[in-house]
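Data first, discussion second: the structure below is written as structure tokens.
As the structure is a computational prediction, the values presented were derived from the model and not from experiment. Positions are given from 1 along the sequence. In each ligand, atom 1 is the first atom listed, and ligand 1 is the first ligand listed.
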Amino acid sequence: MLPPVLTIDGPSGSGKGTIVQHVAQKLGWHVLDSGALYRLVGFGSQNNQLSFENEDEIANFGAHLDVEFKLVAADSSQSDGGVTQELQIILEGKQVGAELRTEETGKLASIVAAMPKVREALFQRQRDFRQNPGLVADGRDMGTAIFPDAKAKIFLTASAEERAQRRYKQLKSKGIDGNLAALLRDINERDERDSSRSASPLKPADDAIQIDTSDLSIEQVVEKVLAICEKQF
Ligand code: DC
């Protein structure tokens, strides 16, 4: 029997990353951060001066992506409310960190993610994360395209304004002064591109349970997700 999978999909800033880390730690399961794969393809393509007009070239880069994911003990001074492990990402032999999470890289990720050949190139790599004792998969199409047979599927939402606010606070906590109006515009633009593309657009699976996180704390969302897991697995 295939290892169990919990899929957590939703738009940028819906809180997926944080919720996935907490839930995976509670369950003792592996994590697939599929957004990081698209970010790596966008970021790596730019570093290697590939043409974003050339889908074949970018897809070929994605198919041979030289990346290693390592789970290491979190720096306790930076750790986020009880998460004790963090993911280290090594691209072409060099560790990548903050540069992968910038708005600029998010935009590149969203552009390459709209290319069907890039999605195809990353398909099996994502499925290979399905290992015992289980997987929590974070993305846009985890429940629809990558793991349609997952026993539990969650779709997290939050208003665009709330998501821009969260991003603003996150930047501020890192000493970066964001511009709220520009963040909201970027979020709306990215939502539009991610939802309107023809290849695996951002949309809830028919059998996904939707949770609006706008007025919920991290703990409340984690509790809801764990209650769903208890029922389904
Ligand atoms: O979750 P994130 O912000 O790291 O994702 C970056 C971009 O990658 C996002 O704008 C859309 C794309 N993406 C996708 O198309 N499919 C996924 N499964 C994950 C991310």
Which of the ligand 1 atoms, numbered from 1, are nearer than 4.0 Å to a heavy atom of [X]:
{"X": "D194", "value": "9 (C), 10 (O), 11 (C)"}
{"X": "A109", "value": "6 (C), 7 (C), 8 (O)"}
{"X": "M142", "value": "18 (N)"}
{"X": "K16", "value": "1 (O)"}
{"X": "R39", "value": "2 (P), 3 (O), 4 (O), 6 (C)"}

Side chain to side chain donor-acceptor pair (under 3.5 Å) with T213: which of K16, E162, R166?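 Testing each of K16, E162, R166 against T213, the sole residue satisfying side chain to side chain donor-acceptor pair (under 3.5 Å) is R166.
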Can you check whether R130's main-chain N or O pairs, donor with acceptor, with H30's side chain at less than 3.5 Å? no
How far is [atom] from the closest protein heavy atom, and which atom is that?
{"atom": "atom 1 (O) of ligand 1", "value": "R140 NH1, 2.9 Å"}
{"atom": "atom 16 (N) of ligand 1", "value": "R119 NH2, 3.0 Å"}
{"atom": "atom 8 (O) of ligand 1", "value": "Y38 CB, 3.6 Å"}

Residues, nucleotides or ligands: over 12 heavy atoms within 6.0 Å of E230 CD: no
Should we count CD of E223 as having more than 12 external heavy atoms under 6.0 Å? no
Any N or O on S12 sitting closer than 3.5 Å to an N or O of ligand 1?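 No, since none of the N or O atoms of S12 sits under 3.5 Å from an N or O of ligand 1.
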State whether the shortest distance between N or O atoms of R101 and N or O atoms of ligand 1 falls below 3.5 angstrom.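 R101 vs ligand 1: no N/O contact under 3.5 Å.
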R119 versus R197: any side-chain heavy-atom pair under 4.5 Å?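 Counting from C-beta outward, R119 and R197 do come under 4.5 Å.
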Could you work out, for atom 18 (N) of ligand 1, the closest of D141, I146, I187 by heavy-atom distance? D141
R101 and D33 ion-paired at < 4.0 Å: yes
Examine F233 together with W29 and report whether their ring centres are nearer than 6.0 Å. yes
